[in-house]
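Following: one structure in structure tokens, then a few remarks.
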Amino acid sequence: MTKKFEELGLSAELTRALSENGYEAPFPIQEAAIPLILEGKDVIGQAHTGTGKTAAFGLPLLSMVKADGPVQALVLVPTRELAVQVTNEIHKLARYTGVKTVAIYGGQSINMQHDKLKRGVQIIVATPGRLIDHIKQGSIILDDVRFLVLDEADRMLDMGFIDDIKFIMFYVNEDRQTFLFSATMPPEILRLSEEYMKNAEHIRLNEEEVALDTIEQAYLVVEEKEKFKHLSDFIRQNQKAQTIVFAATKQRADRVAHKLYQDGFRAVAIHGDLTQRQRDSAMYKFRKGSEDILVATDIAARGIDVPAVGHVINYDVPDDPNVYFHRIGRTARAGAEGKAISLVSADRVADFERILAQTTLPIRKLNDELGIAVPVAQQRQASFGGYRRRGPSYGHGSGGRGYGGDRRGYGGGGRSYGGHRSSGDRGYGGQRRSYGQGRGHSRHSEYSSY
Ligand code: AMP
């Protein structure tokens with residue numbers, strides 16, 4: 001049963017503003033987060049825009065911050081648009097509280113911001129760069145901040161704000177509550193939370209938590225020895241975006257990167273056998289854009305700050321479906337569209353079927369449209385039954401269709417999913433897949449050579 005706002009411990013001033021704004025009942029993230037925050041807990045919420053996350057932290061902040069006092073709450077956001085949006089939302093809710101909120105972001109006159117600050121403000125919503133300018137100038141003093149919010153933390157890290165965030169943290173009293181909201185929970189976010197938060201409570205929304213529905217997912221059943229050829233074809237025809245290739249083992253990551261390099265691609269490998277320095281250097285090159293392809297193992301990807309990319313290629317299928325959803329979540333951050341393609345060898349078809357069974361989103365099978373036949377011997381081993389959507393089509397086809405150029409090829413034309421799984425509404429609020437329930441480690445199996 002959904003609770004009412006009154007039952008969450010919010011004041012009459014807030015519930016009045018809520019009903020005037022037409023908020024009848026709390027959204028799930030609000031029902032979960034508000035009581036925890038009011039109890040004094042640190043909270044990590046996996047939520048994206050549209051779930052009501054702003055009110056989830058905004059309402060308890062407004063009930064705990066004292067009107068007319070110094071700056072007591074700081075909300076860090078990645079972009080000026082979000083700074084404005086969050087500030088507007090808090091303004092609506094603050095109507096009867098007397099608490100003042102100001103947005104601080106680059107691109108706006110700093111003098112105008114000085115004027116607003118001088119009039120007294122209790123909540124600051126800021127992008128990191130401009131906030132640092134104010135800290136350095138002494139126009140914002142964070143000594144009395146007791147509440148710190150990191151909003152859209154994954155985007156802040158993707159945009160390279162990690163050092164700025166650490167700089168700002170240095171100026172905020174350690175005796176504070178910290179709240180972190182993020183659409184995805186890559187390892188670097190978890191590390192950040194371990195460093196800066198105390199016994200944080202995690203909130204995950206089941207259904208609408210993470211949007212993977214802007215990612216075009218596809219797979220191709222291939223012979224192990226053909227994988228590399230398909231990998232390089234795909235990359236050649238989709239060259240514009242940065243790509244991460246996931247391989248099952250360190251050796252494979254090295255070999256794939258080396259072969260890509262020999263084929264004239266700019267590729268670097270990253271895995272646990274490299275020294276920290278080598279890893280930093282590989283990541284530096286990749287982030288800077290001088291290398292377009294990162295070939296990684298899951299373990300390595302877990303320990304580094306991998307930025308969002310256009311394409312994820314699963315050179316090897318992970319054993320654990322959660323790992324698959326984590327991997328593909330690297331693409332299409334911040335609403336951008338991405339592609340994820342998996343090369344499935346016959347002995348991994350069963351693993352891939354488990355992935356297919358765990359998502360309502362369409363994952364296109366490319367064999368038919370690319371005219372790539374699966375050898376008869378392998379076809380018998382594999383139980384495609386539930387996932388094949390057209391008649392038996394293996395064993396025909398002469399190849400020749402592209403991954404990128406041809407309208408029917410992967411990466412071509414529109415997003416015309418025709419698979420049996422494409423029942424979902426593709427618009428906002430449509431099929432969403434939550435990932436990250438488990439944190440299963442992939443059992444890295446050795447493969448025969450490719
Ligand atoms: P957010 O995820 O914070 O960007 O919020 C998404 C939208 O939902 C905003 O336009 C809010 O004004 C609205 N909203 C947030 N909470 C509620 C609620 N409990 N009832 C109705 N609308 C809400």
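Numbering of ligands and ligand atoms starts at 1, following listing order.
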Closest to atom 15 (C) of ligand 1 by heavy-atom distance, out of Glu24, Gln30, Lys53, is Gln30

Ligand 1 atoms nearer than 4.0 angstrom to some heavy atom of Gln85 are 4 (O)

Run the side chain to side chain contact (heavy atoms under 4.5 Å, CB included) test against Ser11 and tell me which residues pass, sequence neighbours left out.
Glu13, Leu14

Aromatic ring pairing His134/His114, orientation class (parallel under 30°, perpendicular over 60°, tilted between)
perpendicular

Show which atoms of ligand 1 fall inside a sub-4.0 Å distance from at least one heavy-atom site of Thr54.
1 (P), 3 (O), 4 (O)

Looking at non-hydrogen atoms alone, which of Phe27, Phe57, Phe181 comes nearest to atom 21 (C) of ligand 1?
Phe27

Between the side chains of Asp316 and Arg348, is the shortest nitrogen-to-carboxylate-oxygen separation below 4.0 Å, so that they form an ion pair?
no

Could you tell me if the side chain of Leu192 sits less than 4.5 Å from the side chain of Met197, heavy atoms only?
no

Using 30° and 60° as the class boundaries, would you call the ring planes of Phe234 and His311 parallel, tilted or perpendicular?
perpendicular

Could you tell me whether Ala25 approaches ligand 1 through its side chain, its backbone, both or neither, with non-hydrogen atoms closer than 4.0 Å?
backbone

As an exercise, identify every atom of ligand 1 less than 4.0 angstrom from a heavy atom of Lys92.
12 (O)

Between Arg354 and Asp351, does at least one N-O distance fall below 4.0 Å, as a salt bridge requires?
yes

If you measure every N/O of Gly52 against every N/O of ligand 1, is any gap under 3.5 Å?
yes

